[in-house]
Amino acid sequence: RWVFYAVGLFAALLLSWGAAMIALTRRGYVPKEGSRFGAIYRSLQGGITAFRSPRTWLLALLVAPLPWLWEAFVVSQVTHAFGVHITMTQAACVLVGWNLAMVVPSPGSVGTVEAGGATVLIVFGADQSKAMAFMFVYHFAQLLPGIIMGIAILVAEDERLFGKPVPAEPKLTLRDG
């Protein structure tokens, strides 16, 4: 139940901010050049301009929920492997819980995602150890591809994560030979 209040509060704040920005834009407000608020305001104006077309609104409303629906479906199915049985709606709440928890900064969101998601699962009646196990495995499965690609890029660029960098050997050209 608290999740609904938190999401509602966040939505209300977001809508209020957006309404204020739209009102300022319609009244011809121009912020000071070089101000921090000016950069944010111009960025928002660009986004509002992009959404003047009804076609853009339609596409946004039809496409934006798809990744969330897919993720909620996957969470609702994968939790069964951990002995946690939740509905699609509850899985969507788990997604909201761990996304809200990511507001707390930590490298790779390690710990915050697990705490947020596990808390919501426990609220829905899951065993604490099963909820934490699911969250650790699920988060690791999301981090692993990025870690592998990061290592691959470091290797491809001849960089080192630990230790001193290996000096590059000078390349010989035809003039040197």
Side-chain angles (χ1 to χ4, degrees), residues 1-22 40 43-44 46-157 159 161-162:
R1 190 171 182 156
W2 65 270
V3 174
F4 295 113
Y5 291 123
V7 170
L9 177 64
F10 180 72
L13 289 172
L14 189 61
L15 289 172
S16 298
W17 174 258
M21 292 292 106
I22 290 170
I40 294 169
S43 176
L44 181 77
I48 290 172
T49 304
F51 274 91
R52 288 193 176 168
S53 163
R55 182 175 183 267
T56 305
W57 274 100
L58 182 65
L59 280 171
L61 291 173
L62 292 176
V63 174
L66 294 178
W68 285 84
L69 290 171
W70 173 252
E71 190 82 14
F73 172 74
V74 170
V75 168
S76 70
Q77 298 304 304
V78 174
T79 52
H80 291 289
F82 291 85
V84 178
H85 302 285
I86 59 174
T87 65
M88 278 281 288
T89 305
Q90 291 171 328
C93 290
V94 171
L95 289 173
V96 170
W98 82 49
N99 280 290
L100 285 174
M102 284 195 301
V103 170
V104 178
S106 70
S109 296
V110 174
T112 57
V113 165
E114 289 79 5
T119 300
V120 176
L121 286 169
I122 292 165
V123 166
F124 290 137
D127 178 60
Q128 183 178 359
S129 60
K130 290 179 181 181
M132 285 303 288
F134 165 73
M135 288 307 304
F136 277 120
V137 169
Y138 201 76
H139 192 200
F140 181 72
Q142 290 181 329
L143 287 176
L144 191 60
I147 292 169
I148 291 171
M149 289 307 295
I151 291 170
I153 290 169
L154 283 174
V155 169
E157 297 289 325
E159 297 287 336
L161 188 57
F162 303 106

Exercise. Around Gln128, counting heavy atoms of other residues, nucleotides and ligands shown, do more than 12 lie under 6.0 Å from its CD?
Worked result: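 Incorrect, the count does not exceed 12.
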
Problem set entry | With sequence neighbours excluded, residues passing side chain to side chain donor-acceptor pair (under 3.5 Å) with Ser129 |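 By the side chain to side chain donor-acceptor pair (under 3.5 Å) rule, Ser129 matches Asp127.
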
With rounding to the nearest 0.5 angstrom, report the [atom1] to [atom2] distance, [X] to [Y].
X	Y	atom1	atom2	result
His85	Phe124	NE2	CZ	15.5 Å
Ile86	Gln77	CD1	CD	9.5 Å
Leu9	Leu100	CG	CG	10.0 Å

For this session: Under the ring-ring contact (aromatic ring centres under 6.0 Å, His included) rule, collect the residues that match up with Phe10, sequence neighbours excluded.
Result: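 Per chain and number, Phe10 pairs via ring-ring contact (aromatic ring centres under 6.0 Å, His included) with no residue.
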
Could you list the donor-acceptor pairs under 3.5 angstrom formed between side-chain atoms of residues 138-145 and any protein atom two or more places apart in sequence or on another chain?
unit_1, atom_1, unit_2, atom_2, d
Tyr138, OH, Glu71, OE2, 2.8
His139, ND1, Glu114, OE2, 2.7
His139, NE2, Gly108, O, 3.2
Gln142, NE2, Glu71, OE2, 3.0

Show every donor-acceptor pair shorter than 3.5 Å between a side-chain atom in residues 53-69 and any protein atom, with sequence neighbours excluded, or say none if there are none.
unit_1, atom_1, unit_2, atom_2, d
Ser53, OG, Arg55, N, 3.2
Trp57, NE1, Phe51, O, 2.6

Exercise. Within the side chain of Thr87, is there an N or O that forms a donor-acceptor pair under 3.5 Å with the backbone of Gln90?
Worked result: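 Present.
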
For this session: Identify the two heavy atoms, one from Leu95 and one from Ala72, that lie closest to each other, and give their separation to 0.1 Å.
Result: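 Closest approach of Leu95 to Ala72, heavy atoms only: CD1-N, 3.5 Å.
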
Exercise. Is there side-chain contact between Val84 and Phe134, with at least one heavy-atom pair below 4.5 Å?
Worked result: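 Side chain of Val84 against side chain of Phe134, heavy atoms only: no contact under 4.5 Å found.
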
Problem set entry | Test side chain to side chain contact (heavy atoms under 4.5 Å, CB included) applied to Ala118 - qualifying residues, sequence neighbours left out |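 Ala131, Met132, Met135.
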
